Enquirer: 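Encoded as structure tokens, here's the structure I'll be asking about.
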Amino acid sequence: MLMELPAKISLETLTPEMVAKTIDHSLLRPEMTIDEVIEGCRLCAKYQVASVCVKSCDVLIAAKQLQGTGVDVGTVIGFPHGNTSTKVKVFEALQAIDDGAVELDMVLNIAHLKSGLYDEVREEIRLIVDAAKERLPTCCIKVIFECSLLTDQEKIMACRLSEEAGADYVKTSTGFSTGGAIIADLKLMRASTDPKKTRVKASGGIRNLDYLI
């Protein structure tokens, strides 16, 4: 599980261990080989990051590699565009849990959101959340928005729908579109969700310590 840094932090008080536990290391490149996935998992175990996010076909491998290390295994659902049907997303979620995933990063149906199909978007998220948590009550569900493709009003609506559906996190991007995490989007998402219910995850383009802080 990802750790939140304290509200007030400096380079003097920040430790490598604290930084590592804020990192969800992704191994999602489509050309990534099995050997590269295994090596990536070993790296995650060595540095004790919070979790690793792999393609659904690699969940079994990652779960085996990281068993007993304290590093969680996650995967993506409906990745990268969110366009698969709800039934397929639910099946994919349950299969991932059975294979060893404890975190699911589902891509919101971007086209449906932009079409104003808010009830449908909320219901899809709810069905995935309910099915996943019935199978694994501790499962962490994150909803990826792809903020670079949305207007501010659409981001606000996506936050509301995700929270109403019971998601644990809202997340900025897949890392495979036209942009990553920017501060303005993170502030907007935080302002549009209840901190007691929903956490905000920055994803994409975070390459240095200064930006992380």
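Here the structure is a predicted model, which means the values were calculated and not measured.
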Enquirer: Keeping S203 on the side-chain end and S173 on the backbone end, is there a donor-acceptor pair under 3.5 Å?
Expert: yes

Enquirer: Can you list everything that forms a side-chain hydrogen bond (donor to acceptor under 3.5 Å, both in side chains) with R160? Sequence neighbours excluded, please.
Expert: none

Enquirer: Could you go through the side chain to side chain contact (heavy atoms under 4.5 Å, CB included) check for D98 and R135 one step at a time?
Expert: CA-CA 8 Å; D98 290 346; R135 184 69 58 91; 2.8 Å; yes

Enquirer: Are S162 and T198 side-chain neighbours, meaning at least one heavy-atom pair lies under 4.5 Å?
Expert: no

Enquirer: Would you find a donor on one side and an acceptor on the other, under 3.5 Å apart, between the side chain of K114 and the backbone of T151?
Expert: no

Enquirer: Heavy atoms only: give me the nearest G78-T84 pair and the separation to one decimal.
Expert: CA-OG1, 3.6 Å

Enquirer: Could you please spell out the steps behind the side chain to side chain contact (heavy atoms under 4.5 Å, CB included) verdict for E120 and S115?
Expert: CA-CA 10 Å; E120 287 83 350; S115 298; over 6 Å; no

Enquirer: Taking K171 for its side chain and V107 for its backbone only, find out whether a donor-acceptor pair lies under 3.5 Å.
Expert: no

Enquirer: Can you name the nearest heavy-atom pair linking E154 to L149, along with the distance?
Expert: OE1-O, 4.2 Å

Enquirer: What is the minimum heavy-atom distance between D105 and C53, and which atoms define it?
Expert: OD2-SG, 4.4 Å

Enquirer: Side chains of V52 and Q65: closer than 4.5 Å at any heavy-atom pair?
Expert: no

Enquirer: Could you tell me if the side chain of S56 sits less than 4.5 Å from the side chain of F79, heavy atoms only?
Expert: no

Enquirer: Does any non-hydrogen side-chain atom of E124 lie less than 4.5 Å from one of H112?
Expert: no

Enquirer: Hydrophobic side-chain clustering at under 4.5 Å (ILVMFWY, transitive links): who's grouped with I156? Put none if nobody.
Expert: L188

Enquirer: With a 6.0 Å cut-off (strictly less than), is the heavy-atom count around CD of E123, excluding the residue itself, greater than 12?
Expert: yes

Enquirer: Looking only at non-hydrogen atoms, find the nearest pair between T75 and V54 and report the distance.
Expert: OG1-O, 2.7 Å

Enquirer: Give the minimum heavy-atom separation between D72 and E103, together with the two atoms involved.
Expert: OD2-OE2, 3.7 Å

Enquirer: For T174 and L28, what are the C-alpha separation, side-chain angles and deciding distance, and is it a side chain to side chain contact (heavy atoms under 4.5 Å, CB included)?
Expert: CA-CA 10 Å; T174 62; L28 295 171; over 6 Å; no

Enquirer: In sequence, state the C-alpha distance, the side-chain angles, and the governing distance for E17 and Q48, and then conclude on side chain to side chain contact (heavy atoms under 4.5 Å, CB included).
Expert: CA-CA 7 Å; E17 291 78 17; Q48 281 295 289; over 6 Å; no

Enquirer: Just so I know, are the side chains of L27 and C41 near enough to count as touching, which here means a heavy-atom distance under 4.5 Å?
Expert: yes

Enquirer: Counting only heavy atoms not in Q67, do more than 12 fall under 6.0 Å of its CD?
Expert: no

Enquirer: Strictly by modelled atom types, are E163 and T193 linked by a side-chain donor-acceptor pair under 3.5 Å?
Expert: no

Enquirer: When clusters are formed by joining ILVMFWY residues with side-chain heavy atoms under 4.5 Å apart, either directly or through shared neighbours, do L60 and I77 land in the same one?
Expert: no

Enquirer: Is it the case that the side chain of D168 and the backbone of I141 share a donor-acceptor pair, with hydrogens and angles ignored and the cut-off at 3.5 Å?
Expert: yes

Enquirer: So, does K142 use its side chain to make a donor-acceptor pair with the main chain of V170 at under 3.5 Å?
Expert: no

Enquirer: Are M18 and V49 linked, directly or through other ILVMFWY residues, by side chains that come within less than 4.5 angstrom of each other?
Expert: yes

Enquirer: Could you pull out the closest heavy-atom pair between V143 and L108, with the gap in Å?
Expert: CG1-CB, 3.9 Å

Enquirer: Any heavy-atom pair between the side chains of Y47 and H25 that's under 4.5 Å?
Expert: no

